[in-house]
Amino acid sequence: MKKFMRGLCAAMAASMVLTGCGNSVCEDFVDAFVNISEKGQACGDDFGTITDSERDEAIDECKEEETFDDCSSDDRKAIADFRECTADMPTCSASNPEPFQAAYLGCLFSLSAAVSDECFPTTSESIRRKIASMTTSHY
């Protein structure tokens, strides 16, 4: 999961060309992926432990890159809701991964539907297409 999480966080951070980052929004965003990592560990190699130092490093990078400054209050709420959604996900079971997978996709699609493209601009695709590509490449 380290590779997946690092790649996902790096890709999302790199694709967001924004200015400013509120501490709680960065923490919400990173913690959502920490939740996914922790709950998905039994699903295989794509998921693994994210250490506290890796979490802190990702939050610091978010702040340094001023990731979420252009996000509206509705966008910030959507990111907080995304973190809450991932916290409520079931833990993956290798013998029955479908509930975890469905919850994971549900959280991503809820974020996609709620956050504006202005909050998550990418070089050539909207956040909705970005999330769709993330979900199809992972499952």
Side-chain angles (χ1 to χ4, degrees):
M1 179 60 186
K2 284 184 184 181
K3 281 185 181 178
F4 173 72
M5 287 303 300
R6 285 181 183 167
L8 182 60
C9 289
M12 291 296 288
S15 69
M16 293 178 240
V17 188
L18 301 173
T19 56
C21 178
N23 185 28
S24 63
V25 179
C26 286
E27 288 177 354
D28 283 343
F29 188 71
V30 171
D31 285 345
F33 290 100
V34 170
N35 290 337
I36 293 166
S37 172
E38 290 173 351
K39 293 180 181 235
Q41 288 180 12
C43 284
D45 292 338
D46 286 341
F47 299 95
T49 304
I50 297 174
T51 66
D52 288 342
S53 63
E54 290 170 331
R55 175 195 175 270
D56 294 344
E57 183 180 314
I59 291 170
D60 289 344
E61 183 177 326
C62 172
K63 291 176 187 178
E64 288 171 13
E65 293 181 3
E66 302 176 330
T67 305
F68 295 107
D69 192 45
D70 289 341
C71 296
S72 70
S73 60
D74 288 342
D75 293 328
R76 291 168 186 261
K77 181 177 180 337
I79 294 166
D81 290 347
F82 176 58
R83 180 196 42 78
E84 290 176 27
C85 183
T86 62
D88 293 339
M89 289 175 23
T91 300
C92 187
S93 165
S95 63
N96 185 17
E98 290 82 13
F100 169 81
Q101 292 170 348
Y104 171 68
L105 294 175
C107 291
L108 284 175
F109 285 124
S110 293
L111 174 65
S112 173
V115 74
S116 70
D117 286 338
E118 291 76 24
C119 181
F120 281 92
T122 60
T123 55
S124 64
E125 61 187 339
S126 71
I127 184 62
R128 285 146 194 84
R129 278 191 253 165
K130 182 77 169 172
I131 288 176
S133 70
M134 287 167 32
T135 57
T136 56
S137 67
H138 187 63
Y139 288 110

Min side-chain heavy-atom separation [X]-[Y] under 4.5 Å:
{"X": "Cys119", "Y": "Ile79", "value": "yes"}
{"X": "Arg55", "Y": "Glu27", "value": "yes"}
{"X": "Cys62", "Y": "Phe29", "value": "no"}

Give me the ring orientation class for Phe100 and Tyr104: parallel if the planes are under 30° apart, tilted from 30 to 60°, perpendicular past 60°. parallel
State, to 0.1 Å, how close [X] and [Y] come at their nearest heavy-atom pair, and which atoms those are.
{"X": "Val34", "Y": "Ile50", "value": "CA-CD1, 4.0 Å"}
{"X": "Asp28", "Y": "Ala80", "value": "OD2-CB, 3.4 Å"}
{"X": "Ala103", "Y": "Pro90", "value": "CB-CD, 3.6 Å"}
{"X": "Pro97", "Y": "Cys43", "value": "CB-SG, 4.0 Å"}
{"X": "Ala42", "Y": "Cys92", "value": "CB-O, 3.2 Å"}
{"X": "Glu118", "Y": "Asp70", "value": "O-CB, 4.5 Å"}

Under the 3.5 angstrom rule, does the side chain of Ser110 hit a backbone N or O of Gly106 as a donor-acceptor pair?
-> yes
Main-chain N/O of Phe33 paired with Arg83 side-chain donor or acceptor, under 3.5 Å: no
Would you compute the distance between atom [atom1] of [X] and atom [atom2] of [Y] and round it to the nearest 0.5 angstrom?
{"X": "Asp81", "Y": "Leu111", "atom1": "CG", "atom2": "CG", "result": "9.5 Å"}
{"X": "Glu57", "Y": "Asp52", "atom1": "CD", "atom2": "CG", "result": "12.5 Å"}
{"X": "Glu84", "Y": "Asn35", "atom1": "CD", "atom2": "CG", "result": "10.5 Å"}

Ser53 versus Asp56, side-chain donor and acceptor atoms under 3.5 Å:
no
By side-chain contact (heavy atoms from CB on, under 4.5 Å), Cys107 pairs with (sequence neighbours left out) Phe82, Cys85, Thr86, Met89
